[in-house]
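Positions are given from 1 along the sequence. Owing to the predicted nature of the structure, the values given are computational and were not obtained by experimental measurement.
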Amino acid sequence: MPVMAPARTVSTAFRTCSIKRGSRADMLENWLSSIAFDPLLPWLWVAVLIGLAMMAALFSDYSRLGSGFQRLLAALFLGLALSGPQLVSEDRRPLPDTVLILKDQSESMQVGTRAGVADAAEVALRDALSAQGPIDIVTVGVPPDPDGTRLARAMSDALASVPTGRLGGVIALTDGQTHDVTEATADTLPDGIPFHALIIGDPQARDRRISAVTAPKFGVVGEMAEFELRVDDPGFEGERASIEVKLNGETKARFPITIGQTLSIPLEIERRGRNTVEMVVVPADGGELTLNNNLYIAEISGIRDRMRVLLITGEPHNGGRAWRNLLKSDPAIDLVQFTILTQPRVKNTNAADRELSLIQFPRRQLFEERLGDFDLIIFDQYRRRSIPTRSGLAQPTIPPRFFSNIARYVEDGGALLLATGPAFPSADSLFLTPLVSVLPTRPTGETLTDPFRPELNDKGRLHPITRSFAGRQDQSWGQWYRAIGNDPLSGNVLMEGPDGTPLFVIDRVADGRVAMIMSDQAWLWAKGHDGGGPYREMFRRTAHWLLGEPDLDAETLSARAENGQLLVERRTLDRAPETAQITLPDGRSQSIAMTETAPGYYTGTTPVDGLGAYRLNHGDLTTIAAVGMLNPVEFSELLPTMDRLAPLSEQTGGATRPIELDAGNLPDIRVQTSGAMQGGSWIGVRDNDAYTVTRSNRRPLAPPLVFFLAFFAALAWGWMREAR
């Protein structure tokens, strides 16, 4: 929506008027303002001479000469003689005060006859104000804006061109649906200047609108994205309405929906990038305020069309092919794999070390130049080792500086998966590289080799990666035969081995994520050994969790509107606070009691109090729930309201009055210098009694010789007093 320049018109009325006489204090102030001075000497000398004269008078009193009064009188006449007092006479012309009319021209004011009522109300206001005397009337339009009605901004811009001492008041013609008025808005108005709001619109009008309670911002191409829709029509809850759903311009479905209830609609994401979803509700019989909010449009991004994964296998082993098969089975994954074939510890080899490598390992390209191109890096049973160079010297397969690059890559939002093996608790461990800064667990040096069956712990039964496996009857998964002893430093342990040994550890590191499998036996599940286990699904979910899939996050906070209630849901692996804080669209805050309805699952409800954005805070998580249509903002709420502008009127001593759809309901206008600026049926503007001086004339209060003669006469009187 283009932003229109504010419309501005000025009406001026002048007439001659006399200077008003007020209280005695005002009269004294006017008299003092008519006195000026033209000193015979610099003011410093005048002050020094008057000071000496006053000291002489004080000395006279101290010495009991009896001439203190006469000497003070002499000091007064000396000051008058030296300062040259003058009478100033001015011809003043009264200046009219300015009244600012803010005329709302946003989209919501174009609904029905609101714009016509605003025009008629403006004319009536001009006539009423002009009848009060010399008043400048300035009308400023509040233009449409993508962010809603910016009434405070329009008022601030207009006040910049109005003399502060002549502003009499601000009157807004609006439906009350403003979006930038806060408590600080009153600070833009001078003290004592009232803000009045005249609210236009029929509060009994009908307005049916469609909104999305849940609208995903992205989805996986080829998979279903769940939308939850709601149709609201105040006063007609429970009735049926028809909606139509389109995706990328193609109609996908038509079906009925119950007004006031939520309906879930699955949509398959068709393509990568932007997908446009249109949802339309059929208009109500008998007409509505507008049909603009009968349409909801959302854009959902199709993501993860292709994921780039780097798999580094430290040495050939039985499970190496299992990782490759898992990753290659997903058509959305581009796999780059390198296997280190060089094994210096193998004896009786007839080939040279460098002849055991099929190609040169492109370390610099992978870990320096192209590192940011990968979504996920996997180290499978990697051990630190050195390889000979052409010069005969040995160098690390992956130098420390490249491990430092990987650590920074993780901290900046990358994903890392370590499938450890016997090398992890040895001197060849990755824990002894700069990668240690992002690893969530450390080796204890112990390796357990007795058969055991992996089991989910309490957190594993709650976490979305492994939660769906918790209730299966066949959770006696196949046996593993080796576990790497480790001591977790951070993160969450989801799966354990013998004696509670951590087997599966995940952690968030800065903006990135890390997962570690503390065994080299997971491939046995893929082979179906001893009944196998959920190898494919578990580690597919692990990869998607590492890549930031929100549905796999264990710590989530969400809310949705349902049957007039806001349902708050919290999932966590730990205990959560008993209450959540919610900030309503009108700025008020309140608490919601949260009840644990299942392990790690908390819910709470509160009545929906109007459409808009509800901000939720529970523990260290925050979220925003949209109730109603937020885009465009103007049509999220269309019924007239006084709530948004009443606080501003109260702060400034003004009034908020509904005139509905009749310009004849305007309150009376009063102009006054002080007192209340609003009453039961009237609103007031301030008379600042401003004026400009057209001509100024000065004349001496008396000739200086007169003051000098009075000075010497006072001295003579004092001497005579002292002589007695």
Inset, instruction - Please report the shortest heavy-atom distance between Val514 and Val438, naming the atom on each side. - result: CG2-O, 3.5 Å

Inset, instruction - Of all the heavy-atom pairs spanning Arg308 and Asp373, show the shortest one and how long it is. - result: CD-O, 3.4 Å

Legend entry - Selection residues 481-501 - residue pairs positive for ring pair (Phe, Tyr, Trp, His ring centres under 6.0 Å), sequence neighbours left out: Tyr481-His529

Inset, instruction - Calculate, to the nearest 0.5 Å, the distance between atoms CD1 and CD1 belonging to Ile406 and Ile312 respectively. - result: 8.0 Å

Legend entry - Minimum-distance pair of heavy atoms, taken over all atoms of Glu411 and Ser437: OE2-OG, 4.2 Å

Inset, instruction - Please identify each residue that fulfils ring pair (Phe, Tyr, Trp, His ring centres under 6.0 Å) with Tyr382, with sequence neighbours left out. - result: Phe379

Legend entry - Under 3.5 Å: donor-acceptor pair, side chain of Asn405, backbone of Phe367: yes

Legend entry - Distance (rounded to the nearest 0.5 Å) between Thr262 OG1 and Gln565 CD: 11.5 Å

Legend entry - All side chain to side chain contact (heavy atoms under 4.5 Å, CB included) counterparts of Asn325, not counting sequence neighbours: Arg321

Legend entry - Close side-chain approach of Leu448 to Met518, heavy-atom, < 4.5 Å: no

Inset, instruction - Give a yes or no on whether Glu578 atom CD has more than 12 heavy-atom contacts from other residues, nucleotides or ligands under 6.0 Å away. - result: no

Legend entry - Student check: side-chain heavy atoms of Leu417 and Trp323 closer than 4.5 Å: yes

Legend entry - Salt bridge present between Glu537 and Arg540 (N-O < 4.0 angstrom): yes

Legend entry - Residue pair Leu366 / Phe374, side-chain heavy-atom distance below 4.5 Å: yes

Inset, instruction - Provide the closest heavy-atom pair for Pro425 versus Pro422 in the form atom of the first, atom of the second, distance. - result: CD-O, 3.1 Å

Inset, instruction - Measure the OG1-CG distance between Thr433 and Asp428 for me, rounded to the nearest 0.5 Å. - result: 11.5 Å

Inset, instruction - If a pair satisfies salt bridge (charged side-chain N to carboxylate O under 4.0 Å, His left out) and one of its residues is in residues 484-502, list it, with sequence neighbours excluded. - result: Arg442-Asp487

Legend entry - Asp574, CG atom: more than 12 neighbouring heavy atoms under 6.0 Å: yes

Inset, instruction - Go through the steps for Arg536 and Leu326 under the test side chain to side chain contact (heavy atoms under 4.5 Å, CB included), then give the verdict. - result: CA-CA 6 Å; Arg536 179 186 179 90; Leu326 171 65; 3.9 Å; yes

Inset, instruction - Show the numbers, then the answer: is there a salt bridge (Lys or Arg N to Asp or Glu O under 4.0 Å) between Glu268 and Lys252? - result: CA-CA 10 Å; Glu268 182 179 353; Lys252 295 296 182 180; over 6 Å; no

Inset, instruction - Taking the side chain as every heavy atom from C-beta outward, state whether Val505 and Val493 have any pair of such atoms under 4.5 Å apart. - result: yes

Legend entry - CA sep, side-chain torsions, deciding dist, call: Asp520, Arg482, side chain to side chain contact (heavy atoms under 4.5 Å, CB included): CA-CA 7 Å; Asp520 61 342; Arg482 183 159 42 227; 2.6 Å; yes

Inset, instruction - Please answer whether the main-chain N or O of Leu462 pairs with a side-chain N or O of Arg467 as donor and acceptor at a distance below 3.5 Å. - result: yes

Legend entry - Test: Glu555 and Arg570 ion pair at under 4.0 Å: yes

Inset, instruction - State whether Arg560 and Glu569 are salt-bridged, where the test is any N-O pair (Lys NZ or Arg NE/NH1/NH2 against Asp/Glu carboxylate O) under 4.0 Å. - result: yes

Legend entry - Closest approach of Leu621 to Leu557 (non-hydrogen atoms, all atoms of both residues): O-CD2, 3.6 Å

Inset, instruction - Tell me yes or no: between the side chains of Thr313 and Arg324, is some donor less than 3.5 Å from an acceptor? - result: no

Inset, instruction - Please check if the side chain of Asn486 supplies one atom and the backbone of Ile484 the other of a donor-acceptor pair under 3.5 Å. - result: yes

Legend entry - Partners passing ring pair (Phe, Tyr, Trp, His ring centres under 6.0 Å) against Trp525 (at least two apart in sequence or in another chain): Trp477, Trp480

Legend entry - Gap between atom CG of Leu310 and atom CZ of Phe338 - 0.5 Å precision: 7.0 Å

Legend entry - Spacing of NZ belonging to Lys328 relative to CG belonging to Leu335, to within rounding of 0.5 Å: 6.0 Å

Legend entry - Charged tip of Arg541 within 45° of Phe469 ring normal and under 6.0 Å: yes

Legend entry - side chain to side chain contact (heavy atoms under 4.5 Å, CB included) partners for Asn617, two or more places apart: Gln581, Thr622

Inset, instruction - For residues Ile506 and Arg513, determine if any side-chain heavy atom of one lies less than 4.5 Å from a side-chain heavy atom of the other. - result: no

Legend entry - Check: Thr214 side chain, Glu228 main-chain N or O, donor-acceptor pair, under 3.5 Å: no

Inset, instruction - Given side chain to side chain contact (heavy atoms under 4.5 Å, CB included), test Ile243 with Ile265 step by step and report yes or no. - result: CA-CA 11 Å; Ile243 63 175; Ile265 301 175; 4.1 Å; yes

Legend entry - Contact summary for Ala576 and Thr572, nearest pair of heavy atoms: CB-CG2, 4.1 Å

Legend entry - Minimum side-chain heavy-atom gap Met279-Leu267 below 4.5 Å: yes

Inset, instruction - Compare all side-chain heavy atoms of Ile377 with those of Leu371 and state whether any distance is below 4.5 angstrom. - result: yes

Legend entry - Verdict with reasoning, Ile378 to Phe539, per side chain to side chain contact (heavy atoms under 4.5 Å, CB included): CA-CA 12 Å; Ile378 301 175; Phe539 294 114; over 6 Å; no

Legend entry - Spatial distance of atom CG (Asn457) from atom NE2 (His463) [nearest 0.5 Å]: 11.0 Å

Inset, instruction - Indicate yes or no: at least one non-hydrogen side-chain atom of Thr466 is less than 4.5 angstrom from one of Met495. - result: no

